[in-house]
Protein chains: 2
Amino acid sequence: MSDIGTTGQSRKRRRKSRVTAREVALRAGVGTMTVSRAFRNPESVSSDLRARIDEAVAALGYVPNRLAGGLASSRTGTVPVIIPSLSNNVFPDIVDGISGVLQAHNLQMLLGNTRYSLEEEEALAATFLSWSPDGIIIAGTDHTERTRAMLASSGIPVAEIIDIADDPIDMNIGFSHVEAGKAMGTYLLGRGYRRIALVAPLCPRDQRALRRLAGLREALAARDLEPTAELLYEDRSSWRLGAEAVVRVVAERPDVDAVFFANDDLAVGAVQECSRRGIAVPEQLAIAGFNGLEFASEIRPRLTTIVTPRREIGRQAAEMVVERLAGRAVDALRRDLGFRLLVGESA
Amino acid sequence: MSDIGTTGQSRKRRRKSRVTAREVALRAGVGTMTVSRAFRNPESVSSDLRARIDEAVAALGYVPNRLAGGLASSRTGTVPVIIPSLSNNVFPDIVDGISGVLQAHNLQMLLGNTRYSLEEEEALAATFLSWSPDGIIIAGTDHTERTRAMLASSGIPVAEIIDIADDPIDMNIGFSHVEAGKAMGTYLLGRGYRRIALVAPLCPRDQRALRRLAGLREALAARDLEPTAELLYEDRSSWRLGAEAVVRVVAERPDVDAVFFANDDLAVGAVQECSRRGIAVPEQLAIAGFNGLEFASEIRPRLTTIVTPRREIGRQAAEMVVERLAGRAVDALRRDLGFRLLVGESA
DNA sequence: GGGACCGAGGGTACCGCTACCATAAGAGGT
DNA sequence: ACCTCTTATGGTAGCGGTACCCTCGGTCCC
């Protein structure tokens with residue numbers, strides 16, 4: 001043991017050697033804790049020291065290591081958001097609402113995409129939780145048992161959004177898709193339509209879309225009616241798919257007088273296709289959509305649809321998480337933000 | 001001081017006391033290192049011990065703490081993606097391309113949204129870097145000096161995407177927006193249009209949109225022409241904005257025979273508005289868009305636009321980052337994936 | 001048969017920061 | 001003048017893994 005390890009530093013395993021708080025502290029002639037404080041709560045450090053620290057930080061290009069900070073404090077300032085899709089305009093709106101609030105509170109949003117798979121959702125939840133997030137926002141109320149268990153036992157604020165359920169894991173902000181579907185059904189019935197077809201994507205399993213259909217079916221059942229036809233597609237929603245669907249409906253069930261599409265993308269595609277084929281909307285065939293996306297009101301005939309409070313859902317969910325993190329109790333854990341029937345000319 | 005702090009463990013600051021590797025190791029009767037190996041490289045652990053560890057993990061519900069792992073190894077398995085917007089369909093496509101590849105390689109994608117602000121971009125880059133990411137993908141080639149410096153000195157693979165530049169920070173995958181604009185200009189000129197108006201959003205500063213306009217202007221200049229009118233909007237692109245823009249153009253410059261919109265959202269809104277107002281497209285007014293979004297081909301007249309390789313950009317960028325992380329050299333650091341002129345009926 | 005070699009497994013010193021103290025220096029009250 | 005009460009600052013022990021060694025038993029080969 002003459003020369004092995006005697007240098008005392010050759011065995012260090014460092015690779016990148018970023019600037020650390022200690023180096024800043026040395027240069028500024030303060031303790032590391034003061035550097036730490038200067039970053040997290042500048043007012044608690046005298047302006048003299050703060051200036052010296054600022055100088056050192058700038059000179060050395062110090063960037064605090066969040067991993068170390070998170071490990072030590074078990075607070076990371078992150079809030080993962082788990083959603084099933086990005087391609088649909090629905091989720092970007094929600095995410096926008098969330099990120100505005102989180103950003104204002106210095107929280108970092110992490111986005112995860114499940115592609116409508118509960119297995120991927122579970123994997124994402126596990127991954128995110130292993131990062132010790134401060135809170136978590138997740139779309140939907142349908143999860144695997146393990147996902148529920150993980151979230152419930154995580155001890156952090158959990159907000160399930162978009163849909164509402166009777167037994168949320170923790171907080172729940174959204175609206176009832178069943179009620180929304182029912183409202184559309186009631187409206188269509190009120191307009192005199194009786195032979196109604198339903199079209200939905202499954203993507204592969206969009207529970208909320210199915211719930212909207214269920215609500216519409218309920219409305220029909222209340223009048224002893226049932227859907228004249230039902231089309232469920234495995235593919236992603238798109239204008240093209242809506243166009244195909246409406247063609248199929250008309251071909252297979254010419255008696256149908258109205259079609260409810262589970263989302264606006266399908267419905268708009270259908271409206272366009274009808275205009276191409278000379279099918280009068282709504283005289284020959286009424287068309288209704290869901291979500292109230294911008295373009296629904298830009299086509300002619302304007303789409304009759306259900307406007308959903310997407311941005312508001314995101315905003316409130318994020319605010320509830322923030323409240324919780326601030327240690328304040330949140331009053332209504334379960335919030336039904338409702339929806340609005342937008343009557344256009346298509347139905 | 002009879003009972004305060006005398007127990008010797010009450011002073012520990014633990015709060016959540018998650019299950020740790022040590023507990024798993026104890027239960028399985030192995031060392032912590034073996035637990036660690038069992039997670040990262042299962043083959044290197046004998047099947048006997050592995051089984052015991054698996055049992056303990058399941059029984060205790062152990063989830064490794066990524067913060068600790070990342071701090072110790074300085075590898076976190078994360079790749080932040082910084083984009084300017086989500087509302088536009090353009091970015092979800094790119095993100096999809098990226099996330100598919102990253103997911104396949106067990107890398108976690110983190111999404112950041114700059115809202116087209118270079119300041120927010122800088123803040124995001126700093127935040128993400130403080131999480132010790134393995135690589136980073138960032139939209140665009142225009143950054144603040146500090147952003148460039150941070151990324152360049154980070155020592156991790158950096159992929160700038162969508163646009164191409166002469167002096168990328170590291171890797172660069174995209175296409176030339178100038179060339180794309182020029183291609184559209186050449187096409188429009190070839191079709192006989194001479195009095196061309198340009199419309200773009202700034203959002204507030206979408207450099208790529210401006211470059212497309214610049215390219216178009218170049219094409220005009222080659223024939224000693226210049227744009228008949230230019231409209232730049234601060235608002236986000238939308239159908240409505242496109243509709244407003246086309247109305248304004250027609251009102252203010254009735255002599256305009258073609259309008260180039262910097263993106264399809266605007267262009268489609270314009271086409272719709274024209275059909276509402278009985279303006280014949282393209283006979284009275286030709287309309288061209290940019291991006292090749294799905295709905296561009298679903299309206300009538302079909303939009304003439306430039307199709308951009310969005311998903312492919314995302315895919316290749318992610319793959320280049322993955323290659324680098326695997327220690328392999330990437331052959332072409334700078335890749336121009338080109339674009340495609342899609343001739344519809346609108347111009 | 002003995003030593004080099006190999007691969008599985010374990011000990012332990014870190015990674016860089018922050019919670020929890022302890023300490024020191026004023027401030028203020030009597 | 002003395003003592004308590006703040007307020008500003010620093011020391012230090014973790015947070016929970018992993019890199020870097022090291023040991024140990026078995027193989028292989030001369």
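Side chains are part of it too, since the values below use all heavy atoms of this structure and drop only hydrogens, waters and symmetry mates. Residue numbers start from 1 in every chain, and the chains themselves are labelled A, B, ... in the order their sequence lines are given, proteins ahead of strands. The structure displayed is predicted, hence computed values, not measured ones.
- Atom-to-atom, CG of Asn65(A) to P of dC17(C) comes out at 6 Å; the value is rounded to the nearest Å.
- Residue Glu23(A) contributes atom CD, which lies 11 Å from atom P of dC15(C) at whole-angstrom precision.
- Of the candidates dT18(D), dT18(C), dG17(D), the closest approach to any side-chain atom of Ala21(B) belongs to dG17(D).
- For Ala68(B), whose side chain is taken as the heavy atoms from C-beta onward, the closest listed nucleotide among dT18(D), dG16(D), dA19(C) is dG16(D).
- A salt bridge links Glu312(B) and Arg315(B); the closest N-O separation between the charged side-chain nitrogens and carboxylate oxygens is under 4.0 Å.
- Closest approach to the Ala72(B) side chain among dG16(D), dT18(C), dC17(C) is made by dG16(D) (side chain taken as heavy atoms from C-beta onward).
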Could you give the side-chain donor-acceptor pairs of residues 31-39 of chain A under 3.5 Å, partners two or more places apart or in another chain?
unit_1: Ser36(A); atom_1: OG; unit_2: Arg40(A); atom_2: NE; d: 3.3
unit_1: Ser36(A); atom_1: OG; unit_2: Arg40(A); atom_2: NH2; d: 3.1

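- Residue contacts for Val35(A): at a heavy-atom cut-off of 4.0 Å it reaches no nucleic acid atom on any strand shown.
- Taking every side-chain heavy atom of Arg37(B) into account, dC20(D) is the closest of dC20(D), dG10(D), dG17(D).
- With dA19(C), dG9(C), dG17(D) as the choices, the nucleotide that has an atom nearest any side-chain atom of Arg75(A) turns out to be dA19(C).
- Between the CG atom of Asp54(A) and the OH atom of Tyr62(A) there is a distance of 12.5 Å, given to the nearest 0.5 Å.
- Within residues 46-64 of chain A, the residues approached by DNA chain D to less than 4.0 Å at the level of any non-hydrogen atom are Ser46(A), Leu49(A), in residue-number order.
- Rounded to whole angstrom, the span from the CG atom of Leu71(B) across to the C1' atom of dT18(D) amounts to 10 Å.
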**Message:** For Thr78(A) and Arg66(A): C-alpha separation, side-chain torsions, deciding distance, then whether side chain to side chain donor-acceptor pair (under 3.5 Å) applies.
**Reply:** CA-CA 11 Å; Thr78(A) 59; Arg66(A) 300 274 223 131; over 6 Å; no
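- Neither side chain, Arg18(A) nor Ser74(B), offers a donor N or O lying under 3.5 Å from an acceptor on the other.
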